[in-house]
Amino acid sequence: MKKTEQNIKSNGWKKTIKKIFFKGKDSFANVKESGRIAEMVQTSDIWIDIENWIDRTPHSFIDIFHVPMGWNTPLFQRFQHLSIQAGNVGGISFYGAHPLVDKDIEICEFVTPTLCIINLDNYEVKKKLFEILDRKSGLKIIRLQSIDLATTIDELKAFQEKGYAILYEYIDELTPQITGNIPKFVFDRHDYVLKNEDISIIATADKLFEQVKPYRTRNMDMITNGVDYEHWNLDRNLLECPQDIQDIINENKIIIGYHGALAQWIDYDLLKQIAEDERFILLIIGYEHDDCMKESGLLAYKNVKYIGSKPYSELSRYAAFYDIAILPFLVNDITKSVSPVKIFEYMAQQKPIISYALPECLKYESCLIAHNQQEFINNINNAIELRFDEDYCNVLKQEALENTWQAITKKTIDLVEIDYNNQLRRIKEMDGSDLPTEKTTEVLTVSTPPQEKVFYRALKKIFWKIPIMPAKTKERFLFNVKKTLKPSLLSYAPGEHAVPVNTGDDLVLSSAPQTEHNSNQQKYIEQILSIPAQDVSNYVPITETPYDRQNGDNKIIAYYLTQFHPDPHNEQWWGKGVTEWNNVCRAVPQFVDHYQPRLPGELGFYDLRIKENMMRQIELAQMYGIYGFSFYYYWFNGERLLEKPIEMFLSDESLDFPFSLCWANENWTKRFDGTNSDILMEQPKSVESYKNVIHDMVRFLKDKRYITIQGKKLITVYRPALMPEPTEVLQYWREYCHVQGIGDLYIVAVKENMVELDLLGIGYDAISEFHPGTVYTNCKNITHDIDYVRSDFSGEVFDYQDLVENQKYFKYNLPKLYRAVMPMWDNTARRNNKGMIFQGATPTLYKQWLIDVISEGKNRSDLDDQMVFINAWNEWGEGAYLEPDKKYGYAYLQATKEAVEESR
């Protein structure tokens with residue numbers, strides 16, 4: 001009955017009756033099967049398993065794709081990928097199965113530890129699941145796609161009233177050419193969603209995003225499709241060729257491949273031109289969306305091999321045998337709105353990509369763009385050679401790694417979480433109720449503030465009319481009553497209010513701000529006003545017993561930023577005299593007890609062009625047990641940035657302190673001041689450029705102060721995933737250094753967040769952590785627990801105390817992994833209200849973390865030395881430093897010294 005009601009609502013009585021008449025037999029069989037499953041639902045123990053799974057699987061959100069789209073569909077698309085990847089970014093997922101494609105799923109099936117495929121086509125199953133989910137607290141996301149032909153506005157409202165967050169993914173134009181007949185309610189729902197800013201919207205293409213922006217000012221983003229890099233990054237030389245294309249491969253022709261939907265937006269005339277060239281075989285994989293391919297005459301060409309559709313699990317093995325990959329989509333209103341999944345899959349397989357000038361393909365350097373059929377053919381000829389071009393293949397690889405489904409999912413969930421947290425905060429501000437410390441709010445409906453309720457307003461009106469005391473006295477009396485009995489009433493602050501004024505005769509109302517005091521704002525003001533004062537409660541003075549290194553002491557290596565001096569490039573980009581101190585000085589607290597601004601202590605706002613400043617840094621480091629500095633080294637195919645301090649250090653042996661280099665091999669962007677990621681200086685991606693960096697490093701490696709591990713010179717690579725042909729590059733470095741008389745290298749790769757590479761297998765000697773990137777996904781997110789002063793805070797806040805007390809830095813491990821520690825982290829100086837903050841950091845907690853990792857290192861047998869990296873010595877703009885500051889004095893240095901000494 002439920003389905004019939006939905007069909008009537010969507011298609012009308014006539015079409016519904018016609019459907020029952022023509023499909024009646026199958027429909028009755030389905031009804032019978034559905035009834036059988038409904039009986040199972042009432043007696044099955046599976047619901048206990050599901051509830052236990054929810055309660056026992058660690059998660060920060062529940063992702064629910066509630067429409068039964070089916071899991072084993074001909075096209076494995078965005079909705080399935082996000083359900084899979086939710087588990088990799090801290091969530092668990094329910095995905096709607098459909099009996100036509102998921103025949104073996106009667107109620108549900110757990111396909112991964114964080115993903116449950118469930119038969120939501122069955123009304124009783126769906127009802128039972130949501131009875132469980134309704135009881136669960138925290139962030140629950142109903143994920144809805146624009147092409148959903150089932151979910152109504154009323155259902156969305158019902159979800160919202162129960163506390164679910166709604167994520168609307170605008171993935172295609174709403175047109176019958178894609179989805180067939182579209183009921184009117186789908187267009188109505190689309191209009192409703194666009195205008196409801198409490199619903200998060202993701203558009204997958206610029207054209208779609210431009211349609212969204214006029215309707216809202218927040219809670220929206222443009223996030224393209226992506227790729228499961230590990231699934232698609234296959235080496236055909238290591239694969240067994242699928243039997244049904246073995247004969248095709250044996251013809252030894254150039255294989256031009258396409259997989260995906262075969263529909264009217266394909267340029268079949270172009271494909272016929274390609275098929276006329278005897279050098280090529282056109283291998284087509286996919287399902288026929290319509291009859292256009294059959295009617296085109298394409299299949300009559302002997303060089304065209306159409307092998308139907310393949311399951312997603314097998315498709316990458318077929319595509320690995322392409323020589324060239326194409327996207328022959330005509331440019332029209334439909335395709336201008338498409339973010340083609342297949343281009344990212346082609347990138348991961350490092351196949352040359354030829355496409356027409358689709359807006360979403362123009363974004364990528366790896367796509368060879370054609371504006372007509374002749375250009376398309378010409379690009380195919382160019383691609384024949386590009387197959388073997390290292391630089392081009394590296395571009396393909398890099399663009400694939402930048403667009404993984406895991407990264408796409410993280411960005412998508414972040415949007416929903418930010419809005420969810422903002423809604424919680426608005427509720428708290430409006431009704432003053434105490435919210436749970438975890439994400440446990442079950443209903444996100446905004447309650448009416450007491451001040452706006454009729455009863456409250458009536459009482460207040462009566463109070464002001466009783467002639468018992470002057471108006472000013474009444475104001476003070478009312479304030480004190482609220483403060484004593486219900487302080488939450490003081491936080492009510494709408495734009496303008498009527499304030500009573502005593503004119504001598506009758507009490508009249510004038511428009512003026514009410515004296516409704518906000519205690520949180522008052523505390524914030526007090527905090528700001530206290531900044532110039534010296535708070536000695538946390539201050540630790542300089543030590544009287546300097547550190548004395550002993551055999552076996554851990555080597556504490558602190559990263560060192562050289563951005564504290566004017567640099568010609570920065571001055572060109574930001575203005576005369578701009579350094580990192582400009583960021584540090586502009587920081588403001590985002591909430592009460594947020595430690596900003598962070599002002600330097602003894603060393604002041606130093607200039608690293610002055611030798612005496614670096615000399616004093618070295619003296620302090622030696623006094624407190626720092627073994628050496630790892631200087632960030634900025635090199636862009638021969639051009640240097642921020643080089644003056646380390647060049648001064650290299651040329652002056654009186655600055656006697658161990659050091660090494662950490663090559664920051666990434667683009668230099670506007671993230672310097674937290675604005676955006678526009679590239680200011682690009683890091684070349686060629687193998688040759690990556691090889692050549694060692695030619696400049698050699699000067700440093702030859703210095704007697706350079707740090708060694710078992711006699712080998714230590715080099716750290718900050719972004720190993722960006723290195724093209726790493727095995728070849730690293731081997732070149734080693735051979736070149738031998739020729740230069742330097743000896744062996746000890747090359748450490750930083751473990752990058754959300755990038756999985758066999759770093760030891762490709763030639764690195766060891767791996768190091770780099771926080772917070774390596775650890776934050778395991779941390780307790782307390783963003784929604786904070787009472788922010790500013791309403792537009794859109795960053796994240798994590799619990800430093802929880803991180804240390806629960807040793808969440810040991811939640812993962814890798815072979816030959818050198819641990820790292822961050823004393824603090826707060827990059828709001830750079831990112832302002834979009835920063836990441838680890839709240840609650842203290843010298844005591846930092847010391848415990850450092851002791852923990854030193855102890856763990858001593859118990860490992862796979863490390864070549866006892867070494868811990870610290871982020872950082874002086875990252876003031878990221879709130880990560882050991883240097884003395886105004887609040888703590890020398891406390892973090894003292895904690896470092898004590899940790900090393902107590903770990904002997």
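What's counted below: heavy atoms across the whole structure, side chains too, no hydrogens, waters or symmetry copies.
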Under 3.5 Å side-chain donor-acceptor pair for [X] and [Y]:
X: Gln848; Y: Glu805; result: no
X: Gln807; Y: Asp852; result: yes
X: Arg143; Y: Thr412; result: no
X: Glu155; Y: Thr152; result: yes
X: Thr783; Y: Glu796; result: no

Go through the structure and list residues passing side-chain contact (heavy atoms from CB on, under 4.5 Å) with [X], not counting sequence neighbours.
X: Thr57; result: Trp53, Ile92, Thr114
X: Leu757; result: Ala721, Val755, Leu759
X: Ile84; result: Trp71, Phe76, Leu115
X: Ala205; result: Leu208, Glu360

Subject >> Short N-O contact, Asp206 and Lys363, less than 4.0 angstrom >> reply: yes
Original post:
Quick one: salt bridge (Lys or Arg N to Asp or Glu O under 4.0 Å) pairs with a partner in residues 108-118, sequence neighbours left out?
Top reply: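 Non-adjacent pairs meeting salt bridge (Lys or Arg N to Asp or Glu O under 4.0 Å): zero.
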Original post:
Going by the salt bridge (Lys or Arg N to Asp or Glu O under 4.0 Å) test, which pairs reach into residues 49-61, not counting sequence neighbours?
Top reply: Glu51-Arg135, Glu51-Lys136, Asp55-Lys136
Between [atom1] on residue [X] and [atom2] on residue [Y], distance to nearest 0.5 Å:
X: Leu144; Y: Ser200; atom1: CG; atom2: OG; answer: 12.0 Å
X: Ile199; Y: Ile201; atom1: CD1; atom2: CD1; answer: 7.5 Å
X: Glu878; Y: Met822; atom1: CD; atom2: CE; answer: 11.0 Å
X: Leu139; Y: Asn421; atom1: CG; atom2: CG; answer: 8.0 Å
X: Asn119; Y: Asp104; atom1: CG; atom2: CG; answer: 12.0 Å
X: Leu82; Y: Phe65; atom1: CG; atom2: CZ; answer: 9.5 Å

Considering only heavy atoms from C-beta outward, does the side chain of [X] approach that of [Y] to under 4.5 Å?
X: Arg790; Y: Asn832; result: yes
X: Val338; Y: Asp172; result: yes
X: Leu156; Y: Arg189; result: yes
X: Ile182; Y: Phe187; result: yes
X: Lys411; Y: Asp221; result: yes
X: Lys410; Y: Ile413; result: no
X: His594; Y: Ile786; result: no
X: Thr844; Y: Tyr846; result: no

**OP:** Just jot down the salt bridge (charged side-chain N to carboxylate O under 4.0 Å, His left out) partners of Asp419, sequence neighbours excluded, or say none.
**Re:**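 If we apply the salt bridge (charged side-chain N to carboxylate O under 4.0 Å, His left out) test to Asp419, skipping adjacent residues, the hits are Arg218.
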Subject >> Asp188: partners by salt bridge (charged side-chain N to carboxylate O under 4.0 Å, His left out), with sequence neighbours left out >> reply: Lys184
Original post:
For the residue pair His190 and Tyr168, is the inter-centroid distance of their aromatic rings smaller than 6.0 Å?
Top reply: yes
So, the side chain of [X] versus the backbone of [Y]: is there a donor-acceptor pair under 3.5 Å, distance only?
X: Asn196; Y: Tyr192; answer: no
X: Asn225; Y: Ser339; answer: yes
X: Asn219; Y: Glu197; answer: yes
X: Asn781; Y: Phe798; answer: no
X: Trp405; Y: Gly226; answer: yes
X: Glu210; Y: Lys207; answer: no
X: Asp148; Y: Thr151; answer: yes
X: Asp121; Y: His98; answer: no
X: Tyr95; Y: Gly70; answer: yes
X: Thr409; Y: Gln85; answer: no

Subject >> Stepwise side chain to side chain donor-acceptor pair (under 3.5 Å) check, Glu173 with Gln211 >> reply: CA-CA 10 Å; Glu173 294 280 4; Gln211 296 172 21; 3.1 Å; yes
Is the ring pair [X]/[Y] parallel, tilted or perpendicular, if the boundaries are 30 and 60 degrees?
X: Tyr788; Y: Phe793; answer: parallel
X: Tyr809; Y: Trp849; answer: parallel
X: His81; Y: Tyr312; answer: perpendicular

Kindly write out the residues that satisfy side-chain hydrogen bond (donor to acceptor under 3.5 Å, both in side chains) with [X], not counting sequence neighbours, or none if the list is empty.
X: Gln596; result: Asp826, Thr828
X: Ser313; result: none
X: Glu769; result: His771, Tyr812, Arg819
X: Glu402; result: Gln398

Original post:
For Asn813, does the CG atom sit with more than 12 other heavy atoms under 6.0 Å from it, leaving out its own atoms?
Top reply: yes
Subject >> Lys195 charged N/C atom sitting above Tyr215 aromatic ring, 6.0 Å / 45° >> reply: no
What pair of heavy atoms forms the shortest contact from [X] to [Y], and how long is it?
X: Gly840; Y: Leu845; result: O-CD1, 3.3 Å
X: Leu120; Y: Gly96; result: CD1-CA, 3.9 Å
X: Cys779; Y: Phe838; result: SG-CE2, 3.7 Å
X: Gly90; Y: Phe61; result: C-CE2, 3.8 Å
X: Phe591; Y: Val789; result: CA-CG2, 4.1 Å

Original post:
Can you list the steps and then say if Glu875 with Arg830 is a salt bridge (Lys or Arg N to Asp or Glu O under 4.0 Å)?
Top reply: CA-CA 11 Å; Glu875 279 280 13; Arg830 288 185 178 178; 3.5 Å; yes
